[in-house]
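Let me begin by presenting the structure, written as structure tokens, before commenting on it.
Computed from a predicted structure; not experimentally measured.
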Amino acid sequence: IVQRAVDQAGDIIEITLNENGEIVGEELVGNVGSLPVEEEYVDEEGRMVSRVRDESGNAIEQVFDDEGNRIGLRTV
């Protein structure tokens with residue numbers, strides 16, 4: 001079983017699990033900062049949100065504060 005996760009630094013990590021659900025491997029496969037922006041919008045709290053999509057088709061949103069600092073990441 002292979003899953004992908006995004007850490008708070010924006011690194012995209014591919015995690016390999018065995019049949020018991022135990023982690024048997026991890027590999028850094030990219031960073032959301034290097035992906036092309038698909039959409040940008042301002043959310044209901046007035047923060048800039050930037051949506052990117054990885055090569056597997058997963059959408060990831062980066063949330064920024066007023067000064068342009070990334071304050072959160074979420075998959076959608």
Side-chain angles (χ1 to χ4, degrees):
I1 301 169
V2 177
Q3 298 178 342
R4 285 198 171 194
V6 179
D7 68 15
Q8 286 302 308
D11 289 331
I12 303 168
I13 302 163
E14 198 166 82
I15 302 166
T16 304
L17 307 172
N18 66 15
E19 59 277 352
N20 297 320
E22 299 166 325
I23 296 174
V24 295
E26 293 184 351
E27 181 181 356
L28 177 64
V29 295
N31 187 283
V32 296
S34 65
L35 299 173
V37 174
E38 185 175 85
E39 179 183 2
E40 288 185 325
Y41 64 92
V42 176
D43 70 7
E44 62 279 350
E45 296 180 31
R47 302 173 302 188
M48 174 61 73
V49 178
S50 176
R51 180 179 295 151
V52 298
R53 194 169 300 274
D54 70 13
E55 66 276 358
S56 295
N58 301 305
I60 304 163
E61 289 186 341
Q62 303 176 83
V63 182
F64 298 92
D65 66 14
D66 291 341
E67 297 176 5
N69 301 307
R70 184 173 52 214
I71 58 172
L73 289 164
R74 59 188 178 218
T75 56
V76 293

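- Taking the side-chain hydrogen bond (donor to acceptor under 3.5 Å, both in side chains) definition, one finds that Glu19 meets it with nothing, sequence neighbours left out.
- Residues satisfying the side-chain contact (heavy atoms from CB on, under 4.5 Å) test with Glu44, not counting sequence neighbours, are none.
- Taking the side-chain hydrogen bond (donor to acceptor under 3.5 Å, both in side chains) definition, one finds that Glu40 meets it with nothing, sequence neighbours left out.
- Cluster note: Leu73 groups with Val6, Ile12, Val29, Val32, Leu35, Val37, Val52, Ile60 through ILVMFWY side-chain heavy atoms spaced under 4.5 Å, whether in direct contact or through intervening members.
- By the side-chain contact (heavy atoms from CB on, under 4.5 Å) test, Ile71 is found to be paired with Arg47, Val63, Asp65, residues two or more places apart in sequence or in another chain being considered.
- Applying the side-chain hydrogen bond (donor to acceptor under 3.5 Å, both in side chains) rule to Asp66 yields no partners; only residues at least two apart in sequence or on another chain are considered.
- Residue Glu67 holds its CD atom at 14.5 Å from CE of Met48, rounded to the nearest 0.5 Å.
- A salt bridge (charged side-chain N to carboxylate O under 4.0 Å, His left out) check over residues 5-14, counting only residues at least two apart or in different chains, returns the pairs Arg4-Glu14.
- Considering CG of Asn31 and CG of Asp54, their distance stands at 11.5 Å, rounded to 0.5 Å.
- Closest heavy-atom contact between Arg70 and Gly10: NH2-N, 3.9 Å.
- Partners of Glu61 by side-chain hydrogen bond (donor to acceptor under 3.5 Å, both in side chains), not counting sequence neighbours, listed by chain and number: Tyr41, Arg51, Arg74.
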